Amino acid sequence: MPNEEPEESLSVYRLLPSMREFQTLHFDNSHVDLMRWQLGVSTGEYRKEFTAEWGGHLRRTKSEFPTGDPSSPVVSRRIADLLRSDLERAGRLLPVHIENAEADEYLLYLVERVADCLDTEESSPPDRLGRVQRSVFRSDVLPADVPAFRSTGFPTAVCWNGWAVERLTALLGDRLEARLVWSEDPGLVAHPDPWGF
């Protein structure tokens, strides 16, 4: 992701691994501490190591974007190395320990950039889990200069800017699912359940 101007029409996405036949990662409770840190407006210490295990048939290929947890995106070492300079403008890449895997084969992307950009008047109210079903962002304060951010209105969800999604899709193709959360372009329709499974 070279440093470049954001696309003309701003857009925000949630990313998940493709629903095709891939192995995906499942965290133990280590990411719960991360969510507490996110809910605490990202102050204080955060966990620096995470533990997960592979799920799915062993003959399936391991996904390079292997978790759909919106608080805890994970990327393969290959993707991290290709996009490191841009990813690190919004956060840190932290090791995920996986049994029978090489150290740092996969990295959790801890997104530290938080922006007060959710229009709470126009967005739907959060559900009991804090998820905002229909999000409307204020484009004047949306942090379009970084690949991903979290909003103060829904701090446990990593939102991806459209230009970053284009770069990741170019690398991963249909192995990545991108759900449109919001766009300035009125011709684009947001996913009906962007934060659901």
Side-chain angles (χ1 to χ4, degrees), residues 13-84 86-88 90-114 126-133 146-160 164-165 168 171-172 175-179 181 191 193-197:
Y13 292 82
R14 177 201 178 178
L15 296 180
L16 301 102
S18 168
M19 298 313 263
R20 292 178 53 213
E21 296 184 356
F22 290 100
Q23 288 188 62
T24 56
L25 279 179
H26 303 279
F27 285 104
D28 63 2
N29 288 332
S30 61
H31 83 295
V32 173
D33 290 338
L34 170 64
M35 292 175 67
R36 287 186 184 121
W37 177 80
Q38 291 170 330
L39 286 168
V41 196
S42 307
T43 57
E45 285 295 310
Y46 53 82
R47 191 178 189 104
K48 295 183 176 61
E49 293 184 358
F50 300 86
T51 305
E53 62 182 22
W54 287 109
H57 197 283
L58 295 177
R59 290 190 178 154
R60 292 181 179 168
T61 304
K62 293 175 180 167
S63 175
E64 288 194 86
F65 194 96
T67 179
D69 187 319
S71 68
S72 315
V74 172
V75 294
S76 69
R77 164 65 64 192
R78 180 184 81 92
I79 298 298
D81 288 345
L82 289 169
L83 307 178
R84 183 176 301 278
D86 281 309
L87 292 173
E88 289 182 340
R92 302 170 191 268
L93 293 161
L94 301 172
V96 177
H97 296 287
I98 307 164
E99 190 174 342
N100 299 321
E102 292 182 30
D104 298 342
E105 185 179 350
Y106 284 81
L107 301 163
L108 180 137
Y109 184 34
L110 176 81
V111 176
E112 297 173 292
R113 182 74 175 268
V114 181
D127 67 13
R128 61 186 179 84
L129 297 175
R131 297 176 300 198
V132 178
Q133 188 70 18
V146 292
F149 65 93
R150 295 181 296 114
S151 79
T152 55
F154 187 12
T156 59
V158 172
C159 298
W160 295 83
V165 173
L168 282 161
L171 292 169
L172 296 171
R175 294 173 288 167
L176 184 70
E177 180 184 345
R179 292 184 181 176
V181 174
H191 189 281
D193 190 15
W195 304 108
F197 292 103

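One is the number of the first residue; the rest follow in order along the sequence. Only a predicted model underlies this, so the values are computations on that prediction, with no experimental measurement involved.
Between atom CG of residue Leu82 and atom CD of residue Glu64 there is a gap of 9.0 Å, rounded to the nearest 0.5 Å. Rounding to the nearest 0.5 angstrom, the gap separating the NE2 atom in His26 from the CH2 atom in Trp54 is 9.0 Å. Distance check, rounded to the nearest 0.5 Å: CG of Leu108 to CG of Leu93 gives 8.5 Å. The distance from the CG atom of Leu176 to the OG atom of Ser63 is 8.0 Å, given to the nearest 0.5 Å. To the nearest 0.5 Å, atom CH2 of residue Trp160 and atom CG of residue Leu168 are 5.5 Å apart. With values rounded to the nearest 0.5 angstrom, Glu105 atom CD is found 13.0 Å from His97 atom NE2.
Within a 6.0 Å radius of CG in Asn29, other residues, nucleotides and ligands contribute 12 heavy atoms or fewer. More than 12 heavy atoms of other shown residues, nucleotides or ligands fall within 6.0 angstrom of atom CZ in Arg78.
Heavy-atom minimum distance, Phe50 versus Leu34: CE2-CB, 4.0 Å. Contact record, Lys48 with Pro95: O-CD, 3.5 Å, taken as the closest heavy-atom pair. A pairwise comparison of heavy atoms in Thr156 and Met35 identifies CG2-O, 4.0 Å as the closest pair. In terms of heavy-atom proximity, Leu87 sits nearest to Ala80 at CD1-CA, 4.4 Å. Smallest separation of non-hydrogen atoms from Leu172 and Ile79: CD2-CD1, 3.8 Å. Counting all heavy atoms, side chain and backbone alike, Thr24 lies closest to Pro66 at CB-O, 3.2 Å.
Distance alone, capped at 3.5 Å, places no donor-acceptor pair between the Arg14 side chain and the Val181 backbone. Judged by distance alone, the side chain of Gln38 and the main-chain N or O of Ser71 form a donor-acceptor pair under 3.5 Å. A donor-acceptor distance shorter than 3.5 angstrom exists from the side chain of Arg179 to the backbone of Gly196, with no hydrogens or angles considered. At least one donor-acceptor pair under 3.5 Å links the side chain of Arg150 to the backbone N or O of Val111. Proximity of a side-chain donor or acceptor of Glu177 to a complementary backbone N or O of Leu16 within less than 3.5 Å is not detected.
Looking only at side-chain heavy atoms (C-beta outward), Trp195 and Gln133 stay at 4.5 Å or farther from each other. Side chains of Val75 and Leu83 form no contact here, defined as non-hydrogen atoms less than 4.5 Å apart. In this structure, the side chains of Glu49 and Leu94 stay at 4.5 Å or more apart for every pair of heavy atoms. Side-chain atoms of Arg84 and Leu107, non-hydrogen and from C-beta on, do get closer than 4.5 Å to each other.
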